[in-house]
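We count ligands from 1, going down the list as the structure has it; atoms in each ligand are counted the same way. Because the structure is predicted, anything quoted here is derived from the model rather than measured. FYI, the numbering just counts along the sequence from 1.
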Amino acid sequence: MLLSQLVVVGLAAFASAARAPARHVVHESRRSLPTGWSPVRRAEPDTILPLSIGLVQSNLENLDAYLMDVAHPDSPNYSKHWTPAEVAKTFRPSLKSVDAVRTWLVEDGWINAERIVVSKTGGWVMANVTVEEAEHLLGTEYYVYEHAEDGKQHLACHGGYHLPEHVSKHVDLITPTLHFDVKIRRHGSVADTKIGKQLGSVGFGAAPKMGGPVHSIFTNLEHCDEVITLACLRALYDFEYTPLAPKKNTIGVVEYTPQSHVPSDFDVFFGNYSKSQVGERPTLISIDGGSLVTGGAIGESSLDLQYVMGLVGKKQEVLLYQVGDAIVGGSFNNLLDALDGSFCTFEGGDDSIADSSYPDNQPGGYKGAEDCGDKKTAFVISTSYGYQEADLTPAYMQRQCAEYGKLSLTGMTFVYSSGDDGVSGFDNLCLDDEGNQIPGTSGTRFNPTFPGGCPYVTSVGATQVVPGNKVTDPESAVFQRFPSGGGFSNVFPRADFQKDAVANYLEKFPPGYAPELFNASGRGFPDVSANGLNYSIAAHGALSLISGTSASAPTVASILSAINDARLAIGKTSIGWVNPALYSSTFTGAFHDIINGTNPGCGTQGFAARPGWDPVTGLGTLNFKALLRRFLELP
Ligand SMILES: *[C@@H]1O[C@H](CO)[C@@H](O)[C@H](O)[C@H]1NC(C)=O
Ligand SMILES: *[C@@H]1O[C@H](CO)[C@@H](O)[C@H](O)[C@H]1NC(C)=O
Ligand SMILES: *[C@@H]1O[C@H](CO)[C@@H](O)[C@H](O)[C@H]1NC(C)=O
Ligand SMILES: *[C@@H]1O[C@H](CO)[C@@H](O)[C@H](O)[C@H]1NC(C)=O
Ligand SMILES: *[C@@H]1O[C@H](CO)[C@@H](O)[C@H](O)[C@H]1NC(C)=O
Ligand SMILES: *[C@@H]1O[C@H](CO)[C@@H](O)[C@H](O)[C@H]1NC(C)=O
């Protein structure tokens with residue numbers, strides 16, 4: 001009730017305030033609020049906002065074609081990656097966009113020119129404005145919102161904001177407007193054992209499911225249906241490899257503080273599973289004050305790092321991108337800012353609302369400046385955290401997704417877990433027909449994860465060894481403990497590289513749901529999968545079990561990194577964006593196709609794993625030897 005009244009009031013106020021004849025259009029809107037937030041009052045008109053206007057990047061409409069040119073195996077330019085300087089130059093916003101925005105801000109006399117600043121990279125125009133000025137400029141109303149869980153307050157505009165049509169086409173997004181700090185959504189620990197409680201949950205995103213302690217240590221392959229070890233994964237994916245060019249190769253794992261690890265746990269893990277690596281540690285790359293915190297949750301970091309280090313093997317350095325301080329934490333944009341200066345919001349800053357802002361002046365906060373383009377990149381970056389698309393706005397997701405694409409042009413590969421809730425979202429939330437996230441036990445629309453739907457990341461689902469089966473038997477989509485995240489994006493359209501694969505699935509194995517349950521025209525995910533059940537990790541000195549697509553992503557990232565090593569050793573480039581190659585006919589037969597299991601959610605059985613690509617396990621699990629041979633044959 002309240003919300004629909006607000007819309008009407010907002011628009012009426014805008015109509016009477018608009019003097020200029022320019023036609024205004026809705027620039028961005030959100031149909032629903034992120035879970036937990038509700039408006040408590042109008043914002044005071046004299047509150048100051050750091051209004052930041054992100055300009056559209058040049059040539060973004062060609063990004064997909066540029067990427068296909070260097071990443072499709074049939075392209076004569078395969079592997080001819082770009083330099084970071086070429087990327088920055090090609091996508092830099094045009095001066096025309098800067099002028100259009102500046103002119104709009106000054107033309108009716110509300111903001112004078114001295115108040116306007118343009119960022120060094122030319123991507124952002126900024127001015128400190130009052131709420132009253134922002135409401136006038138954007139044809140909207142600002143409200144103070146409060147979060148039900150912790151009473152945290154947040155200023156945002158309601159419903160949507162408007163721009164003159166001729167300005168709108170130069171603008172990507174404006175903050176602070178509709179963007180909410182969604183990392184506030186902590187997904188309570190799903191653990192029920194003592195060990196699980198100690199390990200805790202992930203800061204935000206896919207929380208790995210904790211099992212009990214491992215009672216006996218298996219070093220052979222007899223028990224891979226009960227406990228997954230490095231040896232099981234090597235057997236499952238034919239993955240025996242010794243690095244040849246570790247000095248040239250790079251791989252990184254991202255962790256978001258307060259998620260952390262205990263360094264001595266590496267020795268317990270390696271002592272049991274990879275003796276020659278005892279003493280090895282990851283190389284810390286601290287982003288926005290990221291450091292190892294004590295007393296934080298350690299399940300996710302221990303899992304990701306122990307398995308990547310164990311799988312890529314002795315000799316290969318593994319980078320740990322630890323993002324954010326222990327108080328406000330960080331999100332994907334904090335990482336991207338640190339890797340690419342041209343992505344930073346404003347003079348080395350982040351989006352002040354959707355992402356964590358530094359310096360953090362709270363006690364114990366990181367007082368340094370935000371990292372901006374000053375951190376080393378890695379060829380493969382593995383991330384086991386995620387959002388739901390419904391948590392974020394399309395413009396925010398599209399901008400971030402394009403950034404994965406731009407970085408991939410330089411030869412990087414982004415690997416993400418696909419989520420642990422089947423076709424529903426965290427906490428079994430599904431979407432109502434307005435796009436709100438609501439409990440989905442009795443059935444509503446599927447709730448896709450982000451960034452699984454971004455075509456420029458490789459999304460990884462989970463499989464398992466069926467109880468009683470051997471490591472040589474075909475795996476199933478995971479069905480114990482959690483269902484593999486998968487489905488179709490509501491934001492990103494079906495990607496070109498997957499057109500045939502997805503059409504094949506929908507035609508041959510139509511899921512039979514009402515068309516509104518999922519967006520059949522959206523990008524289908526995951527792309528591939530890997531075992532995600534009962535990984536044995538060391539945590540707080542003991543071995544315990546952990547499950548989730550959180551485990552699957554590091555496994556896939558490690559295998560792709562070994563392929564990079566083999567190519568670099570013979571003078572070739574990294575593999576970069578792998579999706580067009582994986583779906584191409586060149587790579588037919590390089591996967592173990594998974595044809596059993598489903599990913600239930602929202603009161604349904606979800607989708608079913610079937611021959612070929614499916615929205616549960618993607619193309620299947622990796623066959624390292626077969627992939628390596630094909631990638632080595634490519635230029
Ligand atoms: C390959 O790269 C060259 C040189 O950068 C470019 O002119 C050409 O358009 C690219 N694509 C193809 C398909 O040749
Ligand atoms: C906006 O205000 C802040 C805080 O006073 C200041 O640091 C910043 O430089 C100002 N930005 C602009 C564009 O004037
Ligand atoms: C592996 O996971 C399943 C499902 O949670 C569980 O029933 C089984 O006991 C686990 N295996 C071991 C050895 O704990
Ligand atoms: C193996 O793990 C156990 C914890 O379960 C630990 O006490 C032991 O020291 C480890 N073994 C080695 C050789 O490190
Ligand atoms: C389906 O996906 C497309 C992008 O391919 C998007 O434009 C559309 O809004 C989505 N439909 C729904 C109902 O979310
Ligand atoms: C197929 O998956 C179901 C769970 O969905 C499981 O009960 C069954 O054992 C699996 N069968 C095979 C052959 O993998």
Side-chain angles (χ1 to χ4, degrees), residues 29-32 47-53 101-102 105 111-120 124-130 133-134 175-176 195 212-219 227 229-230 262 264-280 302 306 310 345-349 352 357 359 361 369-370 388-390 393-395 397-398 401 430-436 444-448 450 453-455 487-496 498-499 502 513-525 536-545:
S29 63
R30 84 155 54 241
R31 285 191 298 182
S32 66
T47 302
I48 304 283
L49 301 175
L51 199 70
S52 301
I53 300 157
V101 166
R102 212 202 296 261
L105 289 173
I111 313 289
N112 55 39
E114 303 83 79
R115 291 169 63 193
I116 302 169
V117 176
V118 180
S119 71
K120 271 206 236 30
W124 291 80
V125 176
M126 195 212 159
N128 287 326
V129 304
T130 63
E133 288 168 335
T175 68
I195 293 278
V214 183
H215 297 293
S216 41
I217 313 297
F218 305 119
T219 48
V227 175
T229 60
L230 295 172
V262 177
S264 57
D265 283 338
F266 289 112
D267 295 333
V268 177
F269 181 78
F270 292 136
N272 281 283
Y273 298 118
S274 184
K275 288 217 164 22
S276 69
Q277 291 185 274
V278 170
E280 281 191 23
S302 306
Q306 287 167 18
T345 307
F346 186 76
E347 302 293 10
S352 62
S357 297
N361 293 319
E370 276 169 351
Q388 302 306 129
E389 287 184 348
T393 65
M397 287 183 273
Q398 280 150 355
C401 179
C430 297
L431 302 178
D432 67 12
D433 49 9
E434 303 281 285
N436 300 296
T444 42
R445 298 176 182 200
F446 299 171
N447 190 4
F450 178 77
C454 168
F488 296 84
S489 172
N490 288 326
V491 177
F492 300 95
R494 186 183 301 172
D496 270 339
Q498 62 171 197
K499 281 214 153 75
V502 176
Y513 298 129
E516 65 274 13
L517 242 57
F518 72 94
N519 195 358
S521 73
R523 138 91 153 127
F525 69 99
S536 172
I537 64 164
H540 294 304
L543 295 176
S544 50
L545 295 177

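Evaluated by nearest non-hydrogen atom to atom 6 (C) of ligand 2, the leading choice among Val125, Leu51, Val117, Asn128 is Asn128. Of the listed options Leu431, Asn490, Val491, Asn490 places a heavy atom closest to atom 14 (O) of ligand 5. With distances taken over non-hydrogen atoms, the option nearest atom 4 (C) of ligand 4 out of Ala538, Ser536, Gly271, Gly541 is Gly541.
Between Asn519 and ligand 5, at least one N/O pair is under 3.5 Å apart.
The backbone N or O of Cys454 sits less than 3.5 Å from a side-chain atom of Arg523, completing a donor-acceptor pair. Proximity of a side-chain donor or acceptor of Arg494 to a complementary backbone N or O of Ala520 within less than 3.5 Å is detected. No donor-acceptor pair closer than 3.5 Å links the side chain of Thr229 to the backbone N or O of Val227. Using a distance-only test at 3.5 Å, with no hydrogens or angles considered, no donor-acceptor pair links the side chain of Asp267 to the main chain of Val278. Remark: the backbone N or O of Phe450 is not paired with any side-chain donor or acceptor of Gln388 at under 3.5 angstrom.
Regarding atom 5 (O) of ligand 5, its nearest protein heavy-atom neighbour is Pro493 CA, 3.0 Å.
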What verdict does the side-chain contact (heavy atoms from CB on, under 4.5 Å) test give for Arg115 and Asn128, after you've listed the backbone C-alpha separation in whole Å, the side-chain angles of each residue and the deciding distance to 0.1 Å?
CA-CA 7 Å; Arg115 291 169 63 193; Asn128 287 326; 5.7 Å; no

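Numbered from 1 in the order shown, with element, the atoms of ligand 5 that lie under 4.0 Å from a heavy atom of Ser521 read 1 (C), 2 (O), 5 (O). Against a heavy-atom cut-off of under 4.0 Å, Asn272 is close to the following atoms of ligand 4: 1 (C), 2 (O), 3 (C), 8 (C), 10 (C), 11 (N), 12 (C). Taking a cut-off of under 4.0 Å to the non-hydrogen atoms of Met126, the atoms of ligand 2 that pass are 11 (N), 13 (C).
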